[in-house]
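In this text the structure is predicted, and so the values were computed from the model without any measurement. By convention in this document, chain letters (A, B, ...) are assigned in the order of the sequence lines, proteins followed by strands, and residues within each chain are numbered from 1.
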Amino acid sequence: MTVAVPPAGRKPRLPRTPSAARLAPARRPDAAALTAALLGWYDRHRRVLPWRAPAGVRADPYAVWLSEIMLQQTTVKAVVPYFRTFTAAFPTVRDLAAAELDSVLRLWAGLGYYARARNLHACARAVAERHGGVFPGTVDALRALPGIGDYTANAIAAIAFDVPVVPIDGNVERVLTRLHALEEELPGGKPRLRALADALEPAGRAGDFAQALMDLGATICTPKSPACVLCPWSEPCAARRRGDPEGFPRKAPKKEGTLRRGAAFVAVRGDGAVLVRSRPEKGLLGGMTEVPTTAWSADFSPQNALDHAPGLDAVAPGWRRLPGVVTHVFTHFPLELFVFVAAVPAGVDAPAGTRWVAQGDIAGEAFPNVMRKVLAHAGIDPKPAPPDPSPRISKPKRSPR
DNA sequence: AACGCGTGGTC
DNA sequence: TGACCAAGCGT
């Protein structure tokens, strides 16, 4: 279905009479009216978040950038404690640039998508070196920095610099495809979505407008059971009028990955030290810490697992397989790990490419969650990955239905 | 362009 | 309870 998008700044003609209104074909909603309704709603219901400035105050670009990177494919609830930890450890982008990559990875551990942490560090250094420690205020300059794609460049430009652009994330995607009942499947329909976003009018409040769209998507226009009765755009929403808001956005089904298996080896010394190694910089869980494992493959069998773990038979005389398996689901494949444990005599050297981590340092290692599960399965408490999910943030809960 | 890349919450 | 999803990016 082809949808004509009116040029920004011009309103579609309104029908003259009520009867004409009823008979008229669906019209593009009036951009100025949409803006007024959305910003009015935002002024009453905006969420209070650690990286947001008070109403009427422009937010700190560093805080906006840091939060936007953390929020990529990640929930607000998960991000808040990490955001507090990072701003405490690195008050400015220069502090972050001066830090070792390894300390950044350690603080990031548990948040997922670890390439973000490496790009975060690289971006901080680029800002420090290329821009004198000050974030640039244009979409193009932001877009050129590591870890900043189309969405994030537009979000930072709008929120931190009030550049009149509309960032499109999952929330905005949902809100706009519903508002227009866009039939075209995503991601193919993204260019049309871009046109719909560009037809909106932030009216001099680009930052508020962008965050209003996201708050609307996060609290009202939710994927399941949207609260249309509370929505400022309820009246013009084509999907609601059609009685099927949940049906948007239209998406092509995605295929699932096949199960992989492997073995993980937990070698524990008498003093509590554990044998670990670092994963390669690139790829799955890049740069993170792990206990030695076999390769993970669809045809793995635990029978001769040690044959596929060179050097480990020399570390300890008796490897014992624990009952059960550790399961973990990555975005693109599920994983089952068989866990082997061994008590290692004092004085045994770590094989090439591995190292001993003292008992007290285990919590500080950059273990991804799958490895924390393995350690827990072996009876070792890896300590909570995320910082304390301490002070509550405002939660605009609505009554259950 | 399609895929690789984590984790936690929700129903 | 497994499937789906959440403020995407890099290749």
Side-chain angles (χ1 to χ4, degrees), chain A residues 47 49-52 59 63-83 105 108-120 122-123 142-156 158-160 166-175 186-188 190-191 207 210-219 221-226 246 249 251-257 259-260 279-288 290 327-335 366-373 384-386 389 395 397 400-401:
Chain A
R47 291 178 292 176
L49 299 170
W51 45 87
R52 279 190 180 168
V64 173
W65 163 72
L66 180 59
S67 67
E68 286 299 337
I69 301 300
M70 290 182 165
L71 286 163
Q72 288 166 6
Q73 298 287 283
T74 309
T75 58
V76 166
K77 182 181 187 330
V79 163
V80 167
Y82 283 87
F83 179 84
L105 282 178
W108 195 276
L111 196 54
Y113 284 132
Y114 299 99
R116 290 185 299 174
R118 292 193 296 275
N119 285 331
L120 185 83
C123 184
L142 289 164
R143 181 69 179 79
L145 292 166
I148 297 182
D150 284 333
Y151 160 75
T152 305
N154 281 280
I156 298 173
I159 297 170
V166 177
I168 301 179
D169 68 342
N171 288 311
V172 180
E173 196 172 275
R174 195 166 53 251
V175 169
L186 298 180
K190 288 202 170 182
Q211 294 177 94
L213 280 173
M214 294 180 214
D215 277 14
L216 188 64
T219 65
C221 195
T222 50
K224 306 285 191 212
S225 303
E246 287 188 17
K251 283 186 179 176
K254 55 193 78 166
K255 60 176 185 291
E256 63 181 291
L259 173 67
R260 298 183 203 179
R279 295 182 59 88
E281 284 302 314
K282 301 282 184 182
L284 183 67
L285 303 176
M288 305 298 287
E290 66 176 4
T327 65
H328 190 78
V329 181
F330 293 103
T331 310
H332 49 299
F333 68 91
L335 174 67
F367 286 117
N369 276 6
V370 61
M371 286 302 144
R372 293 175 188 275
K373 290 183 190 176
K395 43 177 184 218
K397 271 282 186 260
R401 305 149 45 86

Distance, P atom - from C:dT11 to B:dG6, rounded to whole angstrom: 14 Å

Judged by nearest nucleotide, the residue sitting upstream toward the 5' end of DNA chain C, A:D169 or A:L145, is A:D169

Specify the separation, in whole Å, of atom NE2 of A:H328 and atom P of B:dC5. 12 Å

Interatomic distance where NZ belongs to A:K224 and C1' belongs to C:dG2 [whole Å]: 13 Å

Do A:Q211 and A:R52 pair up side chain to side chain, a donor and an acceptor below 3.5 Å, judged on atom types alone? yes

With sugar-phosphate meaning primed atoms plus P, OP1 and OP2, does A:P167 contact a base, only sugar-phosphate, or nothing at under 4.0 Å between heavy atoms? nothing

Touch class at under 4.0 angstrom, heavy-atom based, for A:W51 against every strand present: base

Between A:M214 (CE) and C:dA6 (P), how many Å, whole number? 14 Å

Give me each pair satisfying salt bridge (charged side-chain N to carboxylate O under 4.0 Å, His left out) with a member in residues 143-155 of chain A, each pair once, sequence neighbours excluded. A:R143-A:D150

Does a side-chain heavy-atom distance below 4.5 Å link A:N154 with A:I168? no

Distance check needed: C:dG8 C1' versus A:L142 CG, whole Å only. 16 Å

Taking the minimum atom-to-atom distance to the side chain of A:T152, which one of B:dT7, C:dC5, C:dC9 wins? C:dC9

Expressed as a whole number of angstroms, how long is the span from A:L284:CG to B:dG4:C1'? 9 Å

Whole-Å distance, A:Y151 OH to C:dC9 P, equals 8 Å

Using whole Å, report how far CD1 of A:I156 lies from C1' of C:dC9. 13 Å

Applying the side chain to side chain contact (heavy atoms under 4.5 Å, CB included) criterion to A:P368, which one of A:M288, A:K373, A:E290 satisfies it? A:M288

Of A:A115 and A:P187, the one whose closest DNA chain B nucleotide lies more 5': A:P187

Distance, P atom - from C:dC4 to B:dC3, rounded to whole angstrom: 16 Å

Looking only at N and O atoms, is any donor in the side chain of A:T74 or the base of B:dG8 less than 3.5 Å from an acceptor on the other one? no

Nearest-nucleotide pick for A:N369, side chain only, options being C:dG10, B:dC5, B:dG8: B:dG8

How close or far is atom P of B:dG4 from atom CZ of A:R116, stated in whole angstroms? 19 Å

Between A:Q73 and C:dG8, is there a contact of a side-chain N or O with OP1 or OP2 at under 4.0 Å? yes

Look at all strands and tell whether A:R174 reaches a base, only sugar-phosphate, or nothing, counting heavy atoms closer than 4.0 Å. sugar-phosphate

May I ask you to evaluate whether A:Y113 reaches the phosphate of C:dG10, defined as a side-chain N or O under 4.0 Å from OP1 or OP2? no

Just wondering, do A:W51 and A:L71 contact through their side chains at under 4.5 Å, heavy atoms? yes

The side chain of A:T75 is closest to which nucleotide in this list: C:dG8, C:dA6, B:dT7? C:dA6

Name the nucleic acid region contacted by A:L111, choosing base, sugar-phosphate or nothing; use a 4.0 angstrom heavy-atom cut-off, strictly under. base

Between A:P146 and A:L71, which is nearer to the 5' end of DNA chain C once each is assigned its nearest nucleotide? A:L71

Hey, does A:V370 reach any base, or is it just sugar-phosphate, or nothing, if we go heavy atoms under 4.0 Å? sugar-phosphate

Counting side-chain heavy atoms from C-beta on, which of B:dG6, B:dG9, C:dC5 comes nearest to A:K77? B:dG9

Looking at residues at least two apart in the chain, or sitting in another chain, which of them share a side-chain hydrogen bond (donor to acceptor under 3.5 Å, both in side chains) with A:E68? A:Y151

